[in-house]
Amino acid sequence: MFFPPPTSNPKMAAVSGSLMWFRKGLRLHDNPALEYAAKGSNYVYPVFVIDPHYMEPDPTASSPGSSRAGLNRIRFLLESLVDLDLSLKKRGSRLLVLKGEPSEVLIRCLKEWDVKKLCFEYDTDPYYQVLDSKVKHYAAAAEIEVFSPVSHTLFNPVDIIQKNGGRPPLSYQSFLELAGIPPWASSPLPTTPSLLPPVGNVGSCEIIGVPTVKELGFRDIEQEEMTPFRGGESEALNRLREAINDKEWVANFEKPKGDPSAFLKPATTVLSPYLKFGCLSSRYFYECLQDVYKNFRKHTHPPVSLVGQLLWRDFFYTVASGTPNFDHMKGNRIAKQIPWNDDDQLLAAWREARTGYPWIDAIMVQLHKWGWIHHLARHCVACFLTRGDLFVHWEKGRDVFERLLIDSDWAINNGNWLWLSCSSFFYQYHRIYSPTSFGKKYDPEGNYVRHFLPILKDIPKEYIYEPWKAPLSIQTKAKCIIGRDYPQPIVSHDSASKECKRKLAEAYALNQKLNGQVRDEDLKNLRRKFEQEEDQLSNRRKQKQKLE
DNA sequence: TCAAAGTTGCAGAG
DNA sequence: CTCTGCAACTTTGA
């Protein structure tokens with residue numbers, strides 16, 4: 001019997017190419033798809049497709065960017081691509097950027113190039129599920145091998161759902177029990193390649209360099225309007241190193257104790273945008289944290305610890321991937337059916353930082369300028385928009401966050417809006433964040449508000465969270481007249497929050513009575529009832545005014 | 001059936 | 001900074 005060594009086999013020596021499709025996972029470290037693409041290939045095509053779905057400028061949008069992404073996130077992505085291209089070039093490769101509908105572009109490339117393997121990171125987002133099935137379908141017909149590993153999350157959501165008998169766990173604790181220790185933790189993660197096969201002949205495919213925001217048709221924004229966070233794997237690894245350098249801080253990290261008003265040095269790692277785009281591997285981050293914990297007799301634990309934060313991410317990925325219509329109230333079996341109002345004026349005031357509550361408005365300004373706000377700040381504004389004060393539909397707020405956050409993540413963003421609106425996971429709707437006292441307890445001087453709302457910078461600290469209570473003499477001295485230079489509060493928190501609680505109690509009762517079978521009509525009836533009650537209330541107020 | 005638990009509420013007291 | 005009282009939701013598990 002004679003088996004020639006593989007290299008002397010003429011068939012094996014034949015030219016073989018791979019296509020590495022980057023979407024998220026914009027990194028070289030811990031990248032199993034890239035590792036597999038490079039293995040045994042004479043050449044590799046590293047591709048990124050600029051997708052008009054996310055990147056087409058929309059001049060009608062409420063702030064610069066596309067209809068689905070604010071300019072901050074688009075810029076963050078482009079910076080990540082530049083960094084990736086640079087890292088590839090250092091290893092004898094380069095990034096091939098193409099434009100168009102991704103599945104069409106990919107299929108064109110597969111037709112044009114001699115490719116035996118197609119490699120890309122598995123993605124649970126519905127948008128990518130649809131894209132990927134189109135591409136996989138073509139690849140199967142063309143007899144191209146597809147390799148699509150799970151490397152964006154610590155766990156494969158499918159495994160956890162299967163362990164739980166086909167349904168995703170709905171509480172964090174049950175998720176932890178099902179998840180256990182990640183399956184990859186016992187063996188080393190893929191190493192960062194030191195050299196990559198060269199790029200093959202690109203034929204007639206139209207390859208561009210990584211575009212600038214201007215080249216994509218966006219108008220450039222002022223430096224001071226921009227996020228202070230730069231995209232890319234290099235930046236992610238620097239930031240990670242910086243965070244885990246302070247070992248005491250890592251070991252004692254407790255998420256709810258963080259200060260949402262800290263902006264010179266944020267109270268968290270701000271690694272979320274890097275995890276979102278996969279500039280940082282969540283598995284590598286997890287390993288680094290375990291390394292730190294090893295040297296401490298005592299350290300914090302999930303849900304509040306840093307590892308706990310990574311597990312929250314996986315929790316939401318798991319629930320989201322196993323819940324049809326996760327991003328909608330209707331048709332979503334885990335979402336309470338609540339007759340939210342559809343008030344675009346209230347929504348716009350919230351979005352454009354015109355609520356008249358400085359704490360809320362400052363957070364919304366930071367969201368616009370930085371594309372990042374502290375987790376508790378997200379809680380405050382989300383609660384205010386939905387169950388706390390304005391009773392606006394959580395889907396509306398979700399859309400604003402999804403567009404403006406540089407770390408916006410489909411599963412996590414929707415999960416948190418379900419949470420904060422008391423539609424799922426969390427139901428204690430009488431626990432409402434105060435739009436005045438919550439910020440005050442972290443930042444009694446109001447430095448955060450003064451920084452993001454400079455119009456209020458000379459209001460004394462006694463009134464900085466409630467400027468409408470300041471006597472006119474003080475408003476004049478501070479060169480900020482409430483009602484002229486800064487709005488009056490759009491609602492009175494005291495009465496608005498009481499109303500919200502009452503409405504939620506009724507909506508919950510309806511959900512319970514109909515046992516999850518709330519129809520459109522039932523919701524409509526309840527909404528009409530709320531509207532009638534509001535009319536009566538305002539009529540009574542008018543009569544009272546008349547009498548006075 | 002009932003108690004216990006749930007990542008992070010508020011106001012007020014000490 | 002920690003504690004209570006407030007008012008009071010659902011899910012889970014015995």
Side-chain angles (χ1 to χ4, degrees), chain A residues 164-165 167-179 252-262 266-269 272 289 299-316 318-319 323 332-338 357 359-360 363 373-389 412 415-444 465-466 492-516 518:
Chain A
N164 199 40
R167 288 214 168 183
L170 294 178
S171 80
Y172 186 71
Q173 292 306 327
S174 53
F175 169 81
L176 288 186
E177 276 163 38
L178 289 162
N252 296 317
F253 184 89
E254 280 182 74
K255 186 67 168 276
K257 292 205 173 144
D259 176 358
S261 71
T268 56
T269 61
S272 52
L289 293 172
H299 61 81
T300 53
H301 290 274
V304 295
S305 65
L306 276 175
V307 160
Q309 305 316 298
L310 282 174
L311 290 162
W312 275 109
R313 179 172 176 269
D314 266 61
F315 168 69
F316 284 123
T318 304
V319 185
T323 306
N332 179 347
R333 66 167 180 245
I334 69 165
K336 286 239 183 295
Q337 302 300 302
I338 295 165
Y357 285 95
W359 173 244
I360 300 298
I363 293 169
I373 51 181
H374 187 272
H375 187 64
L376 288 176
R378 299 180 194 205
H379 279 215
C380 286
V381 294
C383 178
F384 186 86
L385 179 72
T386 57
R387 69 182 168 88
D389 292 83
I412 303 171
N416 277 301
W417 278 93
L418 283 163
W419 187 297
L420 259 299
S421 64
C422 280
S423 298
S424 198
F425 310 112
F426 176 80
Y427 307 97
Q428 286 168 264
Y429 56 76
H430 36 85
R431 292 192 184 169
I432 291 173
Y433 291 91
S434 159
T436 55
S437 45
F438 190 83
K440 203 185 289 176
K441 94 183 150 198
Y442 294 95
D443 181 17
Y465 289 97
E466 297 161 292
S492 143
H493 174 64
D494 266 2
S495 52
S497 59
K498 275 194 193 106
E499 278 295 288
C500 285
K501 282 189 253 190
R502 212 182 45 74
K503 286 178 187 170
L504 274 171
E506 283 207 52
Y508 269 40
L510 181 72
N511 277 266
Q512 195 163 47
K513 192 177 107 194
L514 299 179
N515 195 22
V518 181

- For A/His375 and B/dT7, give me the distance from atom NE2 to atom P, rounded to whole Å. 11 Å
- Item | C1' gap between B/dA5 and C/dA8, integer Å | 14 Å
- A/Phe175: partners by ring pair (Phe, Tyr, Trp, His ring centres under 6.0 Å), with sequence neighbours left out: A/Phe315
- Task: Please state how far atom CD in A/Gln428 lies from atom P in C/dA7, giving the value in whole angstrom units.
- Result: 15 Å
- Query: Can you name the residues that form a salt bridge (charged side-chain N to carboxylate O under 4.0 Å, His left out) with A/Lys255, not counting sequence neighbours?
  - Reply: none
- Partners meeting salt bridge (charged side-chain N to carboxylate O under 4.0 Å, His left out) with A/Arg313 (sequence neighbours left out): none
- Message: Let me spell it out: for each of A/Tyr429 and A/Lys257, pick the nucleotide of DNA chain C with the closest heavy atom. Which residue's pick is nearer the 5' end?
- Response: A/Lys257
- Query: When the distance from CZ of A/Phe175 to C1' of B/dG6 is rounded to whole Å, what number comes out?
  - Reply: 17 Å
- Note on the structure: Read 5' to 3' with Watson-Crick or G-U pairs under 3.5 Å, [ ] for crossing pairs and | for partners on another strand, DNA chain B gives ||||||..||||||
- Message: If the condition is salt bridge (charged side-chain N to carboxylate O under 4.0 Å, His left out), which residues does A/Lys440 pass it with, not counting sequence neighbours?
- Response: A/Glu466
- Message: If I take atom NE2 in residue A/His379 and atom C1' in nucleotide B/dG6, what distance separates them, rounded to the nearest angstrom?
- Response: 14 Å
- So, does A/Arg387 use its side chain to make a donor-acceptor pair with the main chain of A/Cys500 at under 3.5 Å? no
- Could you check whether A/Gln173 gets within reach of a base, just the sugar-phosphate, or nothing at all, counting any heavy atom under 4.0 Å? sugar-phosphate
- Message: Any side-chain to backbone donor/acceptor pair from A/Glu177 onto A/Tyr172? Under 3.5 Å, distance only.
- Response: no
- Message: Could you check whether A/Glu499 pairs with A/Arg502 (Lys NZ or Arg NE/NH1/NH2 to Asp/Glu carboxylate O, under 4.0 Å)?
- Response: yes
- Query: Within this structure, what is the CZ-to-C1' distance between A/Phe253 and B/dT7, rounded to whole angstrom?
  - Reply: 11 Å
- Task: Taking side-chain contact (heavy atoms from CB on, under 4.5 Å) as the test, write out the residues that go with A/Ser495, two or more places apart.
- Result: A/Ser492
- What is the distance, rounded to the nearest whole Å, between atom CG of A/Leu504 and atom P of C/dA8? 13 Å
For nucleotides 10-14 of chain C, tabulate all protein N/O to nucleotide N/O atom pairs closer than 3.5 Å, reporting atom names and distance.
none

- Taking atom C1' of C/dA7 as reference, at what distance in whole Å does atom NZ of A/Lys498 sit? 13 Å
Which donor-acceptor pairs under 3.5 Å do the side chains of residues 424-431 of chain A make with protein atoms, sequence neighbours left out?
unit_1	atom_1	unit_2	atom_2	d
A/Ser424	OG	A/Ile334	O	2.8
A/Tyr427	OH	A/Phe425	N	3.2

- Query: Is there aromatic stacking of A/Trp312 against B/dT7, centre distance under 5.5 Å, plane angle under 30°?
  - Reply: yes
Might you list the N or O atoms of the protein lying below 3.5 Å from N or O atoms in nucleotides 9-14 of chain B, with each pair's distance?
unit_1	atom_1	unit_2	atom_2	d
B/dG9	O3'	A/Ile432	O	3.3
B/dC10	OP1	A/Ser434	N	2.5
B/dC10	OP2	A/Lys441	NZ	3.0
B/dA11	OP2	A/Ser437	OG	2.8

- Only counting residues at least two apart or in another chain, list the ones meeting ring pair (Phe, Tyr, Trp, His ring centres under 6.0 Å) with A/His374. none
- For A/His299, enumerate each residue passing the ring pair (Phe, Tyr, Trp, His ring centres under 6.0 Å) test, keeping only those at least two apart in sequence or located in another chain. A/Tyr293, A/His301
- Item | Nearest-angstrom distance from the residue atom CG of A/Leu176 to P of B/dG6 | 11 Å
- Return the set of residues passing salt bridge (charged side-chain N to carboxylate O under 4.0 Å, His left out) with A/Arg167 (not counting sequence neighbours), or none when no residue passes. none
